[in-house]
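One structure is given here, and the rest of the page talks about it.
Keep in mind that what you see is a predicted model, and the values were worked out from it rather than measured.
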Amino acid sequence: MSLWSVLECAMQVNGSGPALTRQDGSIMQYAELLEYVKLKARKIGKFIPAGSKVAVMDEHPFYEAVHVLAFIMLQVTIIPMTLKYGEQRCAQIIRHTEPDFLYTSQTSIVTEILIEACKSAGTMIIADQAVC
C-alpha cells in the first residue's frame, strides 16, 4: 500500500472533519482537500513526471500542504523548503539536492540567488499560477 493510498483513505474516512485553515481563516474539510489535491495533481502531473525530484517552496503553509500532498500522489521525491530558512540556505539546499524542479505558488518569492542556484543545479522553476 502506497503512502498516497493511506492518506487518501484517511481523508475519505474523516471527510467532514477540519483539515486545513486557508489564508482567509476559513476551514477546508478533508473531503474538499482530497478533491482539491486530486485536481492539483492532475494539472501538475502534465508538467512534472512521476519519479522527479521536486523542491517545494511556498509563502503560506496551506499551499505548501496542498502541493506536498499532490506531489505524494504523483509519486515524486519532495524537498520541502520555506523562506524562513533564508534565501542563502534555500539556494544551498537546491545546489546540494539538485532537484529537477522548483515548484512555488508565486514567482515573486524566487530571488536572483535562488534563480542562480537553480541554473547551476539544472533545476527548472515552475510557478503554480502558470500551471493552474
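- Looking only at side-chain heavy atoms (C-beta outward), C118 and M124 stay at 4.5 Å or farther from each other.
- At least one donor-acceptor pair closer than 3.5 Å links the side chain of T104 to the backbone N or O of M57.
- One hydrophobic cluster holds both F47 and Y63 under the rule that ILVMFWY side chains link at heavy-atom gaps under 4.5 Å.
- When the side chains of ILVMFWY residues are joined at heavy-atom separations under 4.5 Å, either directly or via intervening members, L7 and L34 end up in a single hydrophobic cluster.
- With contacts defined as side-chain heavy-atom distances shorter than 4.5 Å, the pair V56/D58 qualifies.
- Residues M11 and M28 share a single hydrophobic cluster, defined by chaining ILVMFWY side chains whose heavy atoms lie under 4.5 Å apart.
- Atom NE2 in H60 sits 8.0 Å away from atom OG1 in T21 (nearest 0.5 Å).
- Atoms SG and CH2, from C9 and W4 in turn, are 11.5 Å apart once rounded to the nearest 0.5 Å.
- Centroid-to-centroid, the aromatic rings of F71 and Y103 come within less than 6.0 Å.
- Of all the heavy atoms in A70 and I44, the pair that sits closest is CB-CD1, 4.2 Å.
- T123 contributes a side-chain N or O that, together with a main-chain N or O of P99, makes up a donor-acceptor pair within less than 3.5 Å.
- Linking Ile, Leu, Val, Met, Phe, Trp and Tyr whenever their side-chain heavy atoms come within less than 4.5 Å leaves F101 and V110 in two separate clusters.
- Judged by distance alone, the side chains of T111 and E87 do bring a donor and an acceptor atom under 3.5 Å apart.
- Taking all atoms of both residues into account, the shortest heavy-atom contact from A19 to L33 is CB-CD2, 3.8 Å.
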Requested in this report: Report the C-alpha distance between I94 and M81 in whole Å, list the side-chain angles of each, state the deciding distance to 0.1 Å, and finish with yes or no for side chain to side chain contact (heavy atoms under 4.5 Å, CB included).
Outcome: CA-CA 9 Å; I94 289 169; M81 297 190 316; 3.8 Å; yes
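- Ion pairing between R95 and E116 fails under the 4.0 Å rule for side-chain N and carboxylate O.
- Contact record, A91 with I113: CB-CG2, 3.7 Å, taken as the closest heavy-atom pair.
- Here the closest non-hydrogen pair linking I27 and R22 is O-NH1, 3.1 Å.
- Of the inter-residue distances, the one linking L74 atom CG with K40 atom NZ reads 12.0 Å to the nearest 0.5 angstrom.
- Residues M1 and V6 meet the side-chain proximity criterion, which asks for heavy atoms closer than 4.5 Å.
- Taking the side chain as every heavy atom from C-beta outward, Q12 and E8 approach each other to under 4.5 Å.
- Between the side chain of K53 and the backbone N or O of I79, no donor-acceptor pair lies under 3.5 Å.
- Between the side chain of D24 and the main chain of S26, a donor-acceptor pair closer than 3.5 Å is present.
- No donor-acceptor pair under 3.5 Å is formed between the side chain of N14 and the backbone N or O of Y30.
- Minimum heavy-atom separation, G15 to Q29: O-CB, 3.5 Å.
- Proximity of a side-chain donor or acceptor of S2 to a complementary backbone N or O of S5 within less than 3.5 Å is detected.
- With values rounded to the nearest 0.5 angstrom, Q88 atom CD is found 12.0 Å from I93 atom CD1.
- In this structure the side chain of I78 never reaches within 4.5 angstrom of the side chain of V54, judged on heavy atoms.
- There is a path of hydrophobic side-chain contacts, each under 4.5 Å, that joins V66 to I48.
- Heavy-atom minimum distance, L114 versus C90: CD2-CB, 3.6 Å.
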